[in-house]
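Each remark here refers to the structure printed beneath this line.
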Amino acid sequence: MKKTIKIALAALVLCSGLAIQVSAKNKVEPRYLFGFSASFADSTVYFTDIQKVDSSWIDSKTKFLLGRDEYAGQLKRYFASQNNPNRTCVVFFDKDIKKAEKKLRKLKEIYTVKAKGGYDVKYLTKSDFEFAPVYMGLDEEEEQAETIKKEKEKKEKEKKEKKENKSKSRDGRGKGPRRG
């Protein structure tokens with residue numbers, strides 16, 4: 001019995017967490033991004049310059065950058081195009097450039113000072129690689145489908161209201177007092 005209650009409670013918490021995540025509004029704000037790439041096959045690591053992306057999609061509740069996987073994918077595709085596939089790519093971001101610079105400095109320190117020369121560190125300038133904004137809103141097809149769905153729901157609601165009004169008028173409840 002207790003196990004069933006725990007499972008039900010866990011399911012409830014999970015569902016409410018998903019509902020909160022879905023209901024969060026996304027907004028477009030500038031963010032400062034930089035990328036990092038490493039490979040298990042060699043000791044070369046890459047850092048990109050810090051770049052300002054003006055139209056980054058942000059989760060308004062968590063302030064987290066949406067589409068991080070797509071930004072990392074851009075960097076991964078860049079390396080694949082340079083005949084350097086199978087690299088692990090990560091994107092770091094911040095709203096404030098000073099904080100982004102601090103994150104970059106800490107990460108560089110790990111691979112230079114603390115690593116004691118164990119890595120070949122290379123840098124990609126903005127002319128080598130530049131992040132492209134990632135659109136996280138609805139695309140045209142999704143917007144059209146959403147509009148059609150809303151219109152259909154509206155028509156069904158109107159149809160239901162008409163049906164209810166008809167049944168009320170047949171019963172005599174929908175009219176005013178009867179006079180005889």
*asked:* What's the separation between atom NZ in Lys27 and atom NZ in Lys61, rounded to the nearest 0.5 Å?
replied: 12.5 Å
*Among the clusters formed by ILVMFWY side chains lying less than 4.5 Å apart, do Met136 and Leu75 turn up in the same one?*
yes
*asked:* I'd like to check Phe93 versus Val53 (side-chain heavy atoms, cut-off strictly below 4.5 Å). Are they in contact?
replied: no
*With respect to Asp94, which candidate in Lys103, Lys99, Lys102 satisfies the side-chain hydrogen bond (donor to acceptor under 3.5 Å, both in side chains) definition?*
Lys103
*What about Phe64 and Val28, same hydrophobic cluster or not, with Ile/Leu/Val/Met/Phe/Trp/Tyr joined at side-chain heavy-atom distances under 4.5 Å?*
yes
*Decide whether Val45 and Val91 are clustered together by the hydrophobic rule: side chain heavy atoms of Ile, Leu, Val, Met, Phe, Trp, Tyr closer than 4.5 Å, transitively.*
no
*Evaluate the side chain to side chain contact (heavy atoms under 4.5 Å, CB included) criterion for residues Phe40 and Asn86: first the C-alpha distance (whole Å), next the side-chain angles of each, then the deciding distance (0.1 Å), finally the verdict.*
CA-CA 9 Å; Phe40 293 111; Asn86 305 322; over 6 Å; no
_Closest non-hydrogen atom pair, Pro133 against Ser55_ = CB-OG, 3.3 Å
*Closest non-hydrogen atom pair, Leu66 against Ile58*: CD1-C, 4.0 Å
_Show the nearest heavy-atom pair for residues Asp96 and Tyr32, with the distance to one decimal._
C-CD1, 4.0 Å
*So, for Tyr71 and Val134, which heavy atoms are closest and what is the spacing to 0.1 Å?*
OH-N, 3.2 Å
*Apply salt bridge (Lys or Arg N to Asp or Glu O under 4.0 Å) to Glu130 and list each qualifying residue two or more places apart in sequence or on a separate chain.*
Lys126
*Spacing of CZ belonging to Arg68 relative to CZ belonging to Arg31, to within rounding of 0.5 Å*: 12.0 Å
_Using 0.5 Å steps for rounding, measure from the CG atom of Asp49 to the CZ atom of Phe34._
11.0 Å
*Honestly, is Arg87 close enough over Phe79, meaning NZ or CZ under 6.0 Å from the six-membered ring centre and within 45° of the axis?*
yes
*Go through Glu101 and Arg105 one step at a time and tell me if the side chain to side chain contact (heavy atoms under 4.5 Å, CB included) criterion holds.*
CA-CA 6 Å; Glu101 288 170 347; Arg105 202 171 30 255; 4.3 Å; yes
*For the residue pair Leu65 and Ser56, what are the closest heavy atoms and their distance?*
CD1-CB, 3.7 Å
*Tell me, with the steps shown, if Val121 and Lys108 meet side chain to side chain contact (heavy atoms under 4.5 Å, CB included).*
CA-CA 9 Å; Val121 179; Lys108 280 183 180 177; 5.8 Å; no
*Same cluster for Leu33 and Tyr123 if Ile/Leu/Val/Met/Phe/Trp/Tyr side chains link at under 4.5 Å?*
no
_Expected output: side-chain Gln51 to main-chain Phe129 donor-acceptor under 3.5 Å_ = yes
*Kindly indicate whether the side chain of Lys155, heavy atoms from C-beta on, has any atom under 4.5 Å from the side chain of Lys159.*
no
*asked:* Looking at every non-hydrogen atom in both residues, tell me the closest pair between Tyr78 and Asp128 and how far apart they are.
replied: CE1-O, 3.4 Å
*Quickly, which of Tyr111, Phe92, Tyr46 forms a ring pair (Phe, Tyr, Trp, His ring centres under 6.0 Å) with Phe36? Name it, please.*
Tyr111
*Name all residues meeting the salt bridge (Lys or Arg N to Asp or Glu O under 4.0 Å) criterion together with Lys163; count only those two or more places apart in sequence or in a different chain, and write none if there are none.*
none
*Drop me the distance from Thr48's OG1 to Leu104's CG, to the nearest 0.5 angstrom.*
7.5 Å
*Can you tell me how far the OG atom of Ser39 sits from the CG atom of Asn84, to the nearest 0.5 Å?*
7.0 Å
*Atom CG of Asp54 with >12 non-hydrogen neighbours under 6.0 angstrom*: yes
*Decide, yes or no, whether a salt bridge links Glu70 with Arg77 under the criterion of side-chain N to carboxylate O below 4.0 Å.*
yes
